[in-house]
Chemist: 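If you scroll down you'll find the structure; I have some questions about it.
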4 protein chains.
Amino acid sequence: MNVHSLIPMEQNPSKKVQILESALELIKENGFHGCPISQVAKQASVAAGSVYTYFESKDEMILELYTYVKTEVAKKISEKDDPKKNFEARFFDLWNNVTSLYREKPAFQSFLDQFSSSPYNTEAVQLECDPLGQWLEAFFKEGVESGQLKALNPKIISIMVLGSLISLVRFTTYFKAKTASAAQDLHLIPQMVWDGIKFQS
Amino acid sequence: MNVHSLIPMEQNPSKKVQILESALELIKENGFHGCPISQVAKQASVAAGSVYTYFESKDEMILELYTYVKTEVAKKISEKDDPKKNFEARFFDLWNNVTSLYREKPAFQSFLDQFSSSPYNTEAVQLECDPLGQWLEAFFKEGVESGQLKALNPKIISIMVLGSLISLVRFTTYFKAKTASAAQDLHLIPQMVWDGIKFQS
Amino acid sequence: MNVHSLIPMEQNPSKKVQILESALELIKENGFHGCPISQVAKQASVAAGSVYTYFESKDEMILELYTYVKTEVAKKISEKDDPKKNFEARFFDLWNNVTSLYREKPAFQSFLDQFSSSPYNTEAVQLECDPLGQWLEAFFKEGVESGQLKALNPKIISIMVLGSLISLVRFTTYFKAKTASAAQDLHLIPQMVWDGIKFQS
Amino acid sequence: MNVHSLIPMEQNPSKKVQILESALELIKENGFHGCPISQVAKQASVAAGSVYTYFESKDEMILELYTYVKTEVAKKISEKDDPKKNFEARFFDLWNNVTSLYREKPAFQSFLDQFSSSPYNTEAVQLECDPLGQWLEAFFKEGVESGQLKALNPKIISIMVLGSLISLVRFTTYFKAKTASAAQDLHLIPQMVWDGIKFQS
DNA sequence: CATGAATGAGAATTCATTCAT
DNA sequence: CATGAATGAATTCTCATTCAT
C-alpha cells in the first residue's frame with residue numbers, strides 16, 4: 001500500500017536557502033557578472049534546472065536574495081539591541097554589531113553594497129517591505145524623541161549613519177593594505193558619527 | 001591644486017573620450033550588465049572593432065573609465081576650492097560642489113558607486129594613482145594641521161565624509177519618492193558631518 | 001455505418017480523455033510548440049508524471065490523439081448520414097456536417113491540419129486503421145457504383161473533396177478578415193466541388 | 001595603403017539564402033521541431049551566432065522564409081504562364097507547373113504546408129504582401145471576366161483550386177504506398193477541378 | 001587606422017522524463 | 001496509481017573579440 005505524504009511541503013525550504021547562499025557567495029567573490037546559474041546550482045549541489053523550481057528567473061532570485069539578506073541582517077541587529085541601556089551605549093552597540101556582522105558575513109555586506117548601486121535597486125524594490133530600514137528608523141526616532149539626538153528626521157540620521165558605516169566597512173573589507181596606516185584610528189569613526197548626530201546642549 | 005588630465009594623447013583623443021563617455025552613460029542607465037561593446041561603439045559612433053584600437057579589452061576600458069572619472073571629478077572639485085576662505089567655509093563649499101557635480105553628471109556618481117562595490121575594484125586598482133583621494137587627504141590634512149578638525153588621520157576623515165556624501169547622493173538619486181518626506185532636512189546632513197569632524201574646544 | 005470508440009478502457013478512461021482534450025486545446029491555441037506536458041497536465045488537472053501512466057511518451061500521446069480525433073470525427077460524420085436520401089443530397093449533407101463539426105470543434109480541424117503536415121504523419125501512421133478515410137472511401141464508392149459520380153477511384157475523389165474542404169475551413173478559421181469580401185460566395189464552393197465529381201451525362 | 005570597399009554590401013545575400021535554404025531543408029525533413037539554430041547553422045556552414053547577423057530571432061527567420069518561398073514559387077509559376085494560350089490550357093499548365101515545382105522542390109511544398117497550419121500563420125502574416133496569392137487571384141479573375149470560368153469571386157476559386165492541389169501533393173508526397181493503387185487516376189484530378197470551376201453553358 | 005561580419009564559448013531558460021514518497 | 005520535485009540535455013540568444021577588406 002502506498003503511503004501518501006501527510007506533510008504538505010510546498011517546497012523544500014532548505015534547498016531554496018542553499019541556492020540563495022550559493023548565489024550570495026558567488027556574488028561576493030565575482031560580482032553579478034560571476035554568478036551564472038550553472039555555478040550557483042553546482043555550488044548548491046542541485047541541477048541547473050532546479051533553480052527554476054524555486055525562482056521564476058535569475059532576476060527574481062536576486063531580488064529574493066535581497067529580501068533574504070535584509071531580513072537576516074535586521075533580525076541579527078535587532079536581537080542584539082538592549083533597550084534598557086542608555087541611548088549612547090545602544091548607538092555604539094549598534095555600530096559594533098553591524099561591523100562585526102559584516103566581518104563575520106562579508107557576503108552580506110558585499111551583496112547589499114553591489115545590489116544598492118546596481119540597476120536591480122529600483123524605486124519599486126525600495127518601496128517594498130524593508131525590515132532593516134524600518135528598524136533603524138524606529139531606533140533613531142527613539143533617540144530623537146528622548147532628546148538624545150538632534151531634532152532631525154530619523155530617516156536623515158539613518159542615511160548619514162549608514163553611509164559612514166558602509167563606507168567604513170567597504171574600505172576595511174576591500175582594502176586592508178591601504179588602510180593599514182589608518183587602521184589604528186578606525187575605531188574613532190563611530191565617535192565622529194555620534195558627535196555629528198548627538199544633541200548639543 | 002589643479003589636476004591635469006591623465007588621458008594619454010596617443011591616437012585620436014576625442015574618439016577615446018567619446019567611447020568612455022558612451023560607456024559611462026550606458027553603465028549609468030543599465031549597469032555593467034547593460035553595456036555591451038556593440039552598444040558602446042554605436043553610441044560613440046564608431047565601429048565595434050575600433051574600441052579595440054583604444055583599449056586592450058573591455059575590462060581595460062572599464063578600468064580606464066575609472067581613472068577617467070576620478071580624474072575629472074578631482075579636477076572639477078579642486079578647481080572650485082578657494083584656499084583663501086576659512087576652512088569651515090571650504091568644507092561646506094566642497095560638500096556643495098560634490099553634490100552639484102553629481103547632480104549635473106549623475107553618470108559620474110553612478111559609475112563610481114557601481115565600480116567601487118564591484119569586483120573590478122581590486123586592491124591593485126586602489127593602489128594606483130588616485131588624484132581624488134589624494135586631493136581629499138591633503139584637504140583634510142590642512143584642516144587637521146590648522147587645528148580646525150579633530151586630530152585624526154585625514155584618511156579616516158575622508159572615509160567618513162565621503163561615505164555620508166555617497167550615501168546621501170545615492171538616496172537622492174535613486175529614490176526621489178522615498179525621501180520626499182525627508183527632503184526638507186537633507187541640507188542638514190553636512191552640518192551633522194561637520195559637527196562630527198570639527199575640533200571641539 | 002457507426003464507428004465505435006477505439007480508446008481502450010484500461011485505466012481511468014475519463015482521465016485519459018481529459019489529457020487528450022487538454023493537449024488538443026493547447027495544440028489548437030499554440031501549436032505543437034506550445035503544449036508542454038506540464039501544461040497539458042495542469043489543464044487536465046493531473047500531475048505531470050501521471051501523463052506517463054496513460055502514455056509511453058509525449059510522441060505516443062500525440063499519435064493516440066490523432067487516432068482519437070479521427071475516430072471522433074468519423075463517428076459524428078457517419079452518424080449524421082442518412083442513406084435513404086439521394087446521393088447528391090447526402091453529399092451536400094456531408095459537406096455541411098463536416099464544416100459545422102469543424103466550426104463547433106475548431107480544435108479538431110486545427111489538430112488534424114497540423115498533424116497532417118507534420119513529420120508525425122509518417123506513412124506507417126497512415127497505414128494504420130483510418131476509420132474516417134475508410135468511411136469516406138465507402139461513401140464515394142457508393143456514389144460511383146450507383147452511377148451518380150464519375151467513374152473514378154473513390155480514393156481520388158476523397159482526396160479532391162477533402163482538399164477543397166480543408167482548404168475552405170482553414171481559410172475561414174484563420175482569416176476571417178481576409179475572406180470577408182469573399183464570404184458571401186463561400187457557400188458556392190460545395191457546388192463547384194459537386195460539379196467536379198458528378199457524373200456528366 | 002588600405003583599400004576601402006567601394007561596394008556597399010549591407011549583408012552577404014548569398015549567406016542569408018544559404019541559411020534560409022538550410023532551414024527549409026531541415027523543416028522538410030524534421031518539421032519545426034527539428035530545426036534548431038545549431039543545425040541550421042551547421043548545414044549552412046556558418047557559426048550559430050551568425051544566423052543572428054541576418055535575422056533578429058528564429059521566429060523572424062521562419063517568417064522571412066515564408067516570404068522567400070512564396071516569392072520563389074510566385075516567380076516560377078508566373079514565368080511559365082503563357083497568356084497567349086486559351087484559358088483552359090493555361091489552367092492545366094498551371095496545375096502541372098505547380099505539381100512539377102513541388103515535385104522538384106518538395107521542401108517548398110512541405111514548408112508552406114506546415115507553415116500554413118502552424119501558429120506562425122497569423123492574420124497579420126497573411127495581410128502582408130502575398131505575391132503568390134495575388135498572382136493566382138489575377139489569373140482566375142481573367143478567367144471569370146473572359147467568361148470561361150463561373151462568375152464567382154476569384155478568391156473563392158483560388159481557395160478551391162489550391163485546396164485540391166495541396167491535398168493532392170500532400171498525398172503523393174507523403175504516402176506513395178497508400179496511393180499506389182490510385183496512382184493511375186491521379187491525373188484525373190485537374191479535370192475534376194476544371195469541371196468544377198468552368199463556365200457551364 | 002576603421003570597419004563590421006563572423007565567430008563560438010557561454011548564459012538563461014525550457015521541458016520530457018524519472019522516481020522517491 | 002498519483003504526485004510533483006528534481007534532473008540535465010538541448011535550445012535560443014548574447015557578446016567579447018578577431019580579422020579580412
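In the text below, chain A, chain B and the rest are named by the order of the sequence lines, each starting its count at 1.
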Chemist: Side chain of C/K58, heavy atoms from C-beta onward: which of F/dT17, F/dT12, E/dA16 has the nearest atom to it?
Modeler: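 From the listed options, E/dA16 comes nearest.
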Chemist: Rounded to whole Å, how long is the line connecting atom CZ of B/F32 with atom P of F/dT14?
Modeler: 22 Å
Chemist: Go through the side-chain N and O atoms of D/Y68 and D/E21 and say whether any donor and acceptor fall under 3.5 Å apart.
Modeler: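 Checked: D/Y68/D/E21 side chains pair up, N/O donor to acceptor below 3.5 Å.
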Chemist: Where each residue is assigned the nucleotide of DNA chain E containing its nearest heavy atom, which of A/D59 and C/E56 is assigned the position nearer the 5′ end?
Modeler: A/D59
Chemist: How many Å lie between NE2 on C/H33 and C1' on E/dC15, as a whole number?
Modeler: 13 Å
Chemist: Write down the distance between CD1 (A/I62) and P (E/dA11), rounded to a whole number of angstrom.
Modeler: 14 Å
Chemist: Counting only side-chain N and O atoms of C/Y52, is one of them less than 4.0 Å from OP1 or OP2 of E/dC19?
Modeler: no
Chemist: Are any of D/K15's side-chain N or O atoms less than 4.0 Å away from OP1 or OP2 of E/dA5?
Modeler: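 No, no such contact exists.
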Chemist: Rounded to whole angstrom units, what separation is found between the OH atom of B/Y54 and the P atom of F/dT17?
Modeler: 18 Å
Chemist: Looking at D/E64 and D/K16, is any side-chain nitrogen of the basic one under 4.0 Å from a carboxylate oxygen of the acidic one?
Modeler: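 Result for this pair is yes, salt bridge flagged.
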Chemist: Going by the angle between their ring planes, with limits at 30° and 60°, are A/Y120 and A/F115 parallel, tilted or perpendicular?
Modeler: parallel
Chemist: D/S117 pairs by side-chain hydrogen bond (donor to acceptor under 3.5 Å, both in side chains) with which of C/S117, C/S118, C/S110?
Modeler: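 Exactly one pass, corresponding to C/S117.
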Chemist: With DNA chain F as reference, determine whether B/G34 or A/V51 sits nearer its 5' end, using the nearest nucleotide of each.
Modeler: A/V51
Chemist: Only Watson-Crick and G-U wobble pairs with both distances less than 3.5 Å should count. Give DNA chain E in dot-bracket notation, marking inter-strand partners with |.
Modeler: .||||||||||||||||||||
Chemist: What's the CG-P distance between A/N30 and E/dG10, to the nearest Å?
Modeler: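 To the nearest whole Å, that distance equals 15 Å.
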Chemist: Which whole-number value in Å describes the distance from B/E60 CD to F/dT17 P?
Modeler: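 Nearest whole value for this atom pair: 11 Å.
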Chemist: From CZ of D/F55 over to P of E/dA6, roughly how many Å is that when rounded to an integer?
Modeler: 12 Å
Chemist: Go through residues 36-50 of chain C and report each residue with a non-hydrogen atom lying under 4.0 Å from DNA chain E, sorted by number.
Modeler: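 Heavy-atom cutoff 4.0 Å gives C/P36, C/I37, C/G49.
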Chemist: Of all residues at least two apart in sequence or in a different chain, which pass the side-chain hydrogen bond (donor to acceptor under 3.5 Å, both in side chains) check with D/K28?
Modeler: D/E25
Chemist: Is there side-chain contact between B/I62 and B/F55, with at least one heavy-atom pair below 4.5 Å?
Modeler: no
